[in-house]
J.: 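Below you'll find the structure I mean.
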Protein chains: 2
Amino acid sequence: MKRREELPECPVATTVMLVGSKWKLLIIRNLMVRPWRFNELQRSLGGISQKVLTESLRQLASDGLIYRKDFGTNPPHVAYGLTQLGLHCTHVLKEMADSGDYYKSVKPAS
Amino acid sequence: MKRREELPECPVATTVMLVGSKWKLLIIRNLMVRPWRFNELQRSLGGISQKVLTESLRQLASDGLIYRKDFGTNPPHVAYGLTQLGLHCTHVLKEMADSGDYYKSVKPAS
DNA sequence: CGGGATCCTATTAGATACTG
DNA sequence: CAGTATCTAATAGGATCCCG
């Protein structure tokens, strides 16, 4: 979690800091449904590299939006899911989906 | 406006395309209140360069989220405001502000 | 399976100077 | 006032190889 002094005053800017990268919102979108495994996420996100996925997951976890559950088995089994905090972000996702649909529903002139 | 073929299928990804950069959401946040002028925006956004502001405004306008009204006077007077489409995004902003506030309200452990 | 480490490219953002 | 134009710095993202 980030401490309060590291966060911008503006709450919008705060949320931008937490989820404002290309993939984080799409990861959360997936985790809304159920917990996912690493490779499962990578395949479903179509095009994300392993590095970026790792980094994104780590930041999201360190910011407290998702959890990482390691089953400690061999072969490894790790699952990622939303925390309470992450769940709260799904409201944002819902509105974004809404806006996206609305945008596409407006017939462009060209 | 972007044509439908240029947009991702996922509506969340669509919205990310439209407003998913560091400053665009903050610009829209300001324009929610009233139309703003260029320099006014720049000062209020604290730290944005003209170049980035110009680019962001142009993209937002070309994507149909904001309008640009040039009064054609000298000295120049240009105002930026939200279109119908941009207004729709304010729902997203509202939820983001909410999430940001919520995040900050959760007392971090450290 | 779930990554770590490295290297490289592309996209974004910032600084500075100038203009109609 | 509202930008252009250039150049550079920072960062995000991608490709590849490797390991327990």
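So that the names make sense, note that chain A is the first sequence line, chain B the second, and so on, each numbered from 1. Excluded from the calculations below are hydrogen atoms, water molecules and symmetry mates; all remaining heavy atoms, backbone and side chain alike, are included.
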J.: Just N and O in the side chain of A:Tyr80: are any of them under 4.0 Å from OP1 or OP2 of C:dC1?
T.: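 For C:dC1, OP1/OP2 do not have a side-chain N/O of A:Tyr80 under 4.0 Å.
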J.: Do nucleotides 13-20 of chain C as a string where each nucleotide becomes B, S or -: B if the base has a protein heavy atom under 4.0 Å, S if just the sugar-phosphate does, - if no protein is that close.
T.: BBBBB--B
J.: Do you know which two heavy atoms are closest between B:Gly86 and B:Ile28, and how far apart they sit?
T.: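 For B:Gly86 versus B:Ile28, the nearest heavy atoms are O-CG2, 4.5 Å.
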J.: Show which side-chain atoms of residues 67-78 of chain A pair as donor or acceptor with protein atoms under 3.5 Å away, not counting sequence neighbours.
T.:
residue, atom, partner, partner atom, Å
A:Arg68, NE, A:Tyr80, OH, 3.3
A:Asp70, OD1, A:Gly72, N, 2.7
A:Thr73, OG1, A:Pro75, O, 2.9

J.: Sequence neighbours excluded, which residues qualify as ring pair (Phe, Tyr, Trp, His ring centres under 6.0 Å) partners of A:His91?
T.: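 A:His91: ring pair (Phe, Tyr, Trp, His ring centres under 6.0 Å) contacts with A:His88.
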J.: Could you give the start and end, 5' to 3', of the contact zone on DNA chain D for chain B, using atoms under 4.0 Å from its heavy atoms?
T.: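 Endpoints of the contacted stretch of DNA chain D: D:dC1 to D:dC7.
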J.: Looking at five pairs on each end of the helix from C:dC1-D:dG20 to C:dG20-D:dC1, what is the angle between the two axes, given to 10 degrees?
T.: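 Terminal axis comparison yields 50°.
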J.: Applying side-chain hydrogen bond (donor to acceptor under 3.5 Å, both in side chains), can you list everything that pairs with B:Glu9, at least two apart in sequence or on another chain?
T.: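 For B:Glu9, no residue satisfies side-chain hydrogen bond (donor to acceptor under 3.5 Å, both in side chains) once neighbours in sequence are set aside.
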J.: So what does A:Phe71 touch, heavy atoms closer than 4.0 Å: a base, only the sugar-phosphate, or nothing?
T.: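 The answer is nothing, as A:Phe71 stays clear of every strand by at least 4.0 Å.
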J.: Which residues, if any, of residues 32-44 of chain A bring a heavy atom under 4.0 Å of DNA chain C?
T.: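 Heavy-atom cutoff 4.0 Å gives A:Arg37, A:Phe38, A:Asn39.
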J.: So how far is it from A:Ile27 CD1 to A:Leu57 CG, rounded to the nearest 0.5 Å?
T.: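 Interatomic distance, A:Ile27 CD1 to A:Leu57 CG, rounded to 0.5 Å: 5.0 Å.
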J.: Name all residues meeting the side-chain hydrogen bond (donor to acceptor under 3.5 Å, both in side chains) criterion together with B:Asn39; count only those two or more places apart in sequence or in a different chain, and write none if there are none.
T.: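 For B:Asn39, no residue satisfies side-chain hydrogen bond (donor to acceptor under 3.5 Å, both in side chains) once neighbours in sequence are set aside.
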J.: Could I get the full list of side-chain contact (heavy atoms from CB on, under 4.5 Å) partners for B:Glu40, not counting sequence neighbours?
T.: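 Per chain and number, B:Glu40 pairs via side-chain contact (heavy atoms from CB on, under 4.5 Å) with B:Arg34, B:Trp36, B:Arg37.
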J.: Check whether any side-chain nitrogen or oxygen of A:Arg58 sits under 4.0 Å from OP1 or OP2 of C:dG2, and answer yes or no.
T.: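 Indeed not, no polar side-chain atom of A:Arg58 lies that close.
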J.: May I have the list of side-chain donor-acceptor pairs in residues 46-55 of chain A shorter than 3.5 Å, sequence neighbours left out?
T.:
residue, atom, partner, partner atom, Å
A:Ser49, OG, A:Val52, N, 3.2
A:Gln50, NE2, A:Thr54, OG1, 3.1
A:Thr54, OG1, A:Gln50, O, 2.8

J.: Taking all atoms of both residues into account, what is the closest heavy-atom pair of B:Ala79 and B:Pro35, and its distance?
T.: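 Smallest heavy-atom distance, with atoms named: CB-CB, 4.5 Å.
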J.: Just the rounded figure in Å: distance from C1' of C:dG2 to CG of A:Leu45.
T.: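 A:Leu45 atom CG is separated from C:dG2 atom C1' by 15 Å.
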J.: Ignoring hydrogens and angles, write down the donor-acceptor pairs under 3.5 Å from the side chains of residues 10-19 of chain B, residues two or more places apart or on other chains.
T.:
residue, atom, partner, partner atom, Å
B:Thr14, OG1, B:Pro8, O, 3.1
B:Thr14, OG1, B:Cys10, O, 3.1
B:Thr15, OG1, A:Met96, O, 2.6
B:Thr15, OG1, A:Gly100, N, 3.0
B:Thr15, OG1, B:Pro11, O, 3.3

J.: If you compare all heavy atoms of B:Glu95 against all heavy atoms of A:Glu95, which two are closest, and at what distance to 0.1 Å?
T.: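 Nearest pair, atom of B:Glu95 first, then A:Glu95: CG-CG, 3.5 Å.
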J.: Taking the side chain as everything from C-beta on, heavy atoms only, tell me whether B:Leu85 gets closer than 4.5 Å to B:Met1.
T.: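 Yes - at least one pair of side-chain heavy atoms lies under 4.5 Å apart.
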J.: What is the distance, rounded to the nearest whole Å, between atom NZ of A:Lys69 and atom C1' of C:dG2?
T.: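 In whole Å, C:dG2 C1' and A:Lys69 NZ are 16 Å from each other.
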J.: Pairs of donor and acceptor atoms involving the side chains of residues 58-65 of chain A, under 3.5 Å and at least two apart or interchain, shall be tabulated with distances.
T.:
residue, atom, partner, partner atom, Å
A:Gln59, OE1, A:Lys24, NZ, 2.7
A:Asp63, OD1, A:Lys2, NZ, 2.8
A:Asp63, OD2, A:Lys2, NZ, 3.3

